[in-house]
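The figures that follow rest on heavy atoms only: side chains count, while hydrogens, waters and symmetry mates do not. Naming convention: chains lettered A, B, ... in sequence-line order (proteins, then strands); numbering from 1 in each chain.
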There are 2 protein chains.
Amino acid sequence: MSSDTAGKPSRRERMRAETITEIKASARRQLLDHGPSGISLRAVARDVGVSPAALYRYFDSLDALLTALCCDFYDELIDETRAAMDASPPERHLERMKSWVWTFRSWSVSHKREFELMLSFPEDQGSLSACPPNPIESPDDLDPITQKSIEHSRMCGLELAEFYRQSDGEGFDFGQVDMPELSPGLERELVEQCATLIIGDTVPLTWTYAFISGWVRVFGLVVMEAFGNLPVTENVDEFYKAQIMSMLKEFGLD
Amino acid sequence: MSSDTAGKPSRRERMRAETITEIKASARRQLLDHGPSGISLRAVARDVGVSPAALYRYFDSLDALLTALCCDFYDELIDETRAAMDASPPERHLERMKSWVWTFRSWSVSHKREFELMLSFPEDQGSLSACPPNPIESPDDLDPITQKSIEHSRMCGLELAEFYRQSDGEGFDFGQVDMPELSPGLERELVEQCATLIIGDTVPLTWTYAFISGWVRVFGLVVMEAFGNLPVTENVDEFYKAQIMSMLKEFGLD
DNA sequence: AAATTTTGCTAACGCCGTTAACCCTAATGA
DNA sequence: TCATTAGGGTTAACGGCGTTAGCAAAATTT
């Protein structure tokens, strides 16, 4: 072994890293040109100028390559979302949450192909749903993609918790949320899920309900727009803004 | 040609129809066992006990077979939804719309694999979004799947129009809908889209907005649940009912 | 300089969708 | 009734795919 935890990158390691990014770049190009199912190992090999078998020195399988691609996409999405949120000062929680929604949407729509791929990973349990799969098992031994999807979701959830914590007693009327009567079982599940989502802190049940409702709406919006089935196409921005306003109303906010 | 429009089915035609359903049945079995991408023409041929090339006498391509499958699924879904709606008398529009949502949901969740396939058809313009693609071009030369998806959507849309038409002046306060201010362009687009959706009849703008909002929510719910990412898993039924109540609130109804 | 690890290669296996060429049989029409 | 078709089946092949085994060369480590 050459450099375990903190050694400087050897020449070989640099080359290897370069090759990996080259492979992923080629795969992404194919994704953009021919869609998720149009990515072919052999075509990538041709593109990179190498034999098909050589790719297996870098990725265990085609699936592993796609997974790596997805991870990169999540990183991109998370970076952009975080940057957009941080454009507002830390105490403007509402604006920061709006930025989260807005950036999630605009990234997804301007990266339809990437979004499509992310939607179908991991196999048989599509991700990007803005909601981590339930129930959450052990904290860390989930596949990397699910972890990143949770990280992405939590950015918004944590902001909500902060919002509640800091604005308590500052004039917001938290009882104003429009929520139907819920069965005790559902209430418990919402609270528990909220606890795994919005770490440590507890927000009122009504907020949890409104938050999850909002997630569902955002997810529906983004998927429909990305797949070209939103009934609004010319004034989408306006429509999104209206939808965000409607969601805020569910929180009893203007 | 033997029987063009109304001739009795010849022996050959009966055999052919039988073979076709046998092929589709085998393909559906593979769909259930191995997912959408696990359907293989050669495997179907093996299963049916025929050479791979023989299948081309019945379907032009694998894609054509999948399309035919999807059509059948839509027919199933539409049949079930219509039956569920017709379990309530024609004048109980609210109940009928609830049945639409409920059946759409339960069919999709209990037919995850089928749902998954439908979601990705037609290529590069996923369907089943409960919203026809926009803008709608010519009325009839759309691909059959899109047509059926529109038919499915319209069942609910027409019911809404009926609801409005028959209950006008019967005590509902149609101005009560919570809707943010919309830009003139968005208003126009909503009204136009509404006209293509809910044929002939016009409902108030607020209802159109609430209706489309509801669609987005239903779609988000169904997709998330079908993909296993709904944060509620134990009390899903209760959660759906609560969400339906919330949507009704958007209409100003209890 | 020797030993070892990494990275590439070629060749092959077994899938896949699709097509071409040919054959047999059942329905058709004179 | 008999020749003609058209429908439904075959086999064989093409080119693509993901993946593996085995081997050679280069780069690193010892």
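Whole-Å rounding puts the I20(A) CD1 to dT6(C) C1' distance at 13 Å. One can place CZ of F59(B) at 16 Å from P of dT19(C), the figure rounded to the nearest angstrom. At whole-Å resolution of the value, CG in D63(A) and C1' in dC17(D) are 15 Å apart. Going from atom CG of L55(B) over to atom P of dT11(D) covers 14 Å, rounded to whole Å. Between the CD atom of E22(A) and the P atom of dT7(C) there is a distance of 14 Å, rounded to whole Å. Atom OH of Y58(B) and atom P of dA6(D) are 18 Å apart (whole Å). One atom, CD of Q30(A), and another, C1' of dG18(D), lie 14 Å apart when rounded to the nearest Å. L62(B) places its CG atom 14 Å from the C1' atom of dC15(C), with the value rounded to the nearest Å.
Nearer to the 5' terminus of DNA chain D, by closest-nucleotide assignment, is the contact made by M15(B) (compared with the other of M15(B) and P52(B)). Both R57(B) and T19(A) lie close to DNA chain C; mapped to their nearest nucleotides by heavy-atom distance, the more 5′-ward contact belongs to T19(A). Nearest-nucleotide positions on DNA chain C place I39(B) closer to the 5' end than the other of I39(B) and R12(B).
Across dA11(C), dT19(C), dC17(D), the shortest atom-to-atom separation from the side chain of A53(A) is found for dA11(C). Distances were taken from every side-chain heavy atom of R42(B) (C-beta onward) to each of dT10(D), dT19(D), dA13(D); the shortest belongs to dA13(D).
At dG8(D), one or more side-chain N or O atoms of R16(B) fall inside 4.0 Å of OP1 or OP2 (strictly under the cut-off). For the pair S40(A) and dG18(D), the criterion of a side-chain N or O lying under 4.0 Å from OP1 or OP2 is met. Taking only side-chain nitrogens and oxygens, Y56(B) never comes nearer than 4.0 Å to OP1 or OP2 of dT10(D). For S51(B), no side-chain nitrogen or oxygen approaches OP1 or OP2 of dG9(D) to under 4.0 Å. Applying the 4.0 Å criterion to OP1 and OP2 of dC16(C), one finds that R46(B) has a side-chain N or O inside that range.
Below 30°, between 30° and 60°, or above 60°: for W107(B) and F73(B) the angle between ring planes is between 30° and 60°, a tilted geometry.
For the pair P231(A) and I212(B), the minimum side-chain heavy-atom distance is below 4.5 Å.
Residues W215(B) and F211(B) bring their aromatic ring centres within 6.0 Å. Under the 6.0 Å cut-off for aromatic ring centres, H152(B) and W100(B) qualify, their centroids lying closer than that.
Salt bridge status for D86(A) with R96(A): present, with a side-chain N to carboxylate O gap under 4.0 Å.
Residue contacts shown for A54(B) include a base, since a base heavy atom lies under 4.0 Å away.
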